[in-house]
Amino acid sequence: MGRLTEVAPGVLVATSAYAMTTSTVVIGSSGGCLLIDPAVTVDDLAALADELAQRGLRPVAAWSTHPHWDHVLWSRELGEAPRYAAPAAVSLAETDRESILEYLRQSVPGHDLELAGRMRALDAPAIPWDGPEARLIVHDGHAPGHGAVFLPDNGILVAGDMCSDIEIPLLDTVADDPLGDYRTGLERLASVSGVRQVVPGHGHVGDAAELRRRLALDAAYLDAVSAGHPYDDPRLTADSPKWMRSMHDDQVRYFQA
Ligand SMILES: [Zn+2]
């Protein structure tokens, strides 16, 4: 885990060597902090807990952007803060529990599996906590109940698995309307006013212009792939992980069918 870096006053981001997965910390009152998607290896979580302790911070609330295995992690050292996610995300984390745990065993062994995926459903416009306003933007598309967090005080959009510079749009192809859901998600994120920086779940923090670029790139990807066209997305390269190339092939096949 890279060390926590301040991206705006009171907002810290650490980036794991594993899939450039980000963890976001928002500093609240009296040493409390909000933790978004703490990830991803056992060592990453240990380093995160250590660094929070060194900074005199303790998690008082947490948010999982969506119910995929790399966004629902926790460790004893992070304490017993309430961990929230959108209702649809919590339901899926429950029904998909076995498959989430299997991914964890395979990909990042050693986690306390009892703590994985244990979020409580929060159906609210913002995360209830003693700190800067953390507005929720919940939609489907990548996963049911995907919830980005917008921090209006400093214009930070914590985007979960949307708006990445290293990952193509990954659709929830078991949904009734994967394309419509994803487009709605992009529109919702595009309509948030006052974004100054975007923090993707995987990849680099970008400024407002970079967010626009990613939104346009994602829309172009959806247009091409849903029309059954091959598409040279700059995020698909010879160095892209095999799983992403195969997800891309699956998505192309899905729309051709
Ligand atoms: Zn995901």
Side-chain angles (χ1 to χ4, degrees), residues 13-24 35-41 44-45 62-74 83-108 111 116-119 136-149 157-175 178-179 181-186 188-189 198-206 214-215 217-218 221-222 225 233 235-236 240-251 254:
V13 173
T15 303
S16 170
Y18 189 106
M20 286 199 76
T21 310
T22 62
S23 306
T24 301
L35 200 45
I36 303 170
D37 286 357
V40 61
T41 66
D44 288 337
L45 288 200
W63 177 254
S64 281
T65 57
H66 64 287
H68 288 163
W69 66 269
D70 48 340
H71 300 263
V72 296
L73 294 162
W74 199 255
R83 298 161 57 195
Y84 301 109
V90 171
S91 309
L92 191 77
E94 282 163 10
T95 52
D96 267 11
R97 181 161 185 85
E98 268 321 303
S99 109
I100 289 172
L101 299 186
E102 192 48 34
Y103 269 112
L104 291 174
R105 288 187 199 102
Q106 299 288 332
S107 305
V108 286
H111 277 293
R118 301 295 194 196
M119 296 85 67
L136 297 172
I137 301 134
V138 177
H139 56 81
D140 300 323
H142 173 69
H146 186 287
V149 181
L157 177 66
V158 184
D161 276 4
M162 302 288 284
C163 308
S164 172
D165 60 324
I166 61 167
E167 289 186 356
I168 53 169
L170 299 168
L171 279 69
D172 184 14
T173 49
V174 297
L179 185 63
D181 288 347
Y182 208 100
R183 285 197 165 126
T184 301
L186 291 177
R188 303 265 332 261
L189 295 172
V198 58
V199 181
H202 305 275
H204 299 89
V205 176
R214 293 180 194 178
L215 289 166
L217 205 52
D218 286 350
Y221 177 90
L222 296 179
V225 169
D233 192 288
R235 294 166 295 194
L236 281 170
S240 296
K242 232 168 104 187
W243 66 262
M244 194 165 76
R245 301 207 61 89
S246 99
M247 288 287 288
H248 170 67
D249 293 341
D250 288 350
Q251 291 180 162
Y254 173 87

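By convention here, the first residue in the shown sequence is residue 1. In listed order, ligands and their atoms are each counted from 1. Just the heavy atoms: all of them, side chains too, but no hydrogens, waters or symmetry mates, feed the values below.
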Tell me, which protein N/O/S atoms are under 2.8 Å away from the Zn ion (ligand 1)? His66 NE2, His68 ND1, His142 NE2, Asp161 OD2

Verify the distance criterion only: is there a donor paired with an acceptor across the side chains of Asp37 and Thr65 at less than 3.5 Å? yes

Donor + acceptor pair across side chains of Tyr103, His68 (<3.5 Å): no

Applying side chain to side chain contact (heavy atoms under 4.5 Å, CB included), can you list everything that pairs with Met20, at least two apart in sequence or on another chain? Thr15, Ile166, His204

Distance flag, aromatic centroids of His139 and Tyr182, threshold under 6.0 Å: no

Side chains of Thr21 and Asp70: is there a donor and an acceptor less than 3.5 Å apart? no

Are a donor atom and an acceptor atom from the side chains of Asp161 and His66 found within less than 3.5 Å of each other? yes

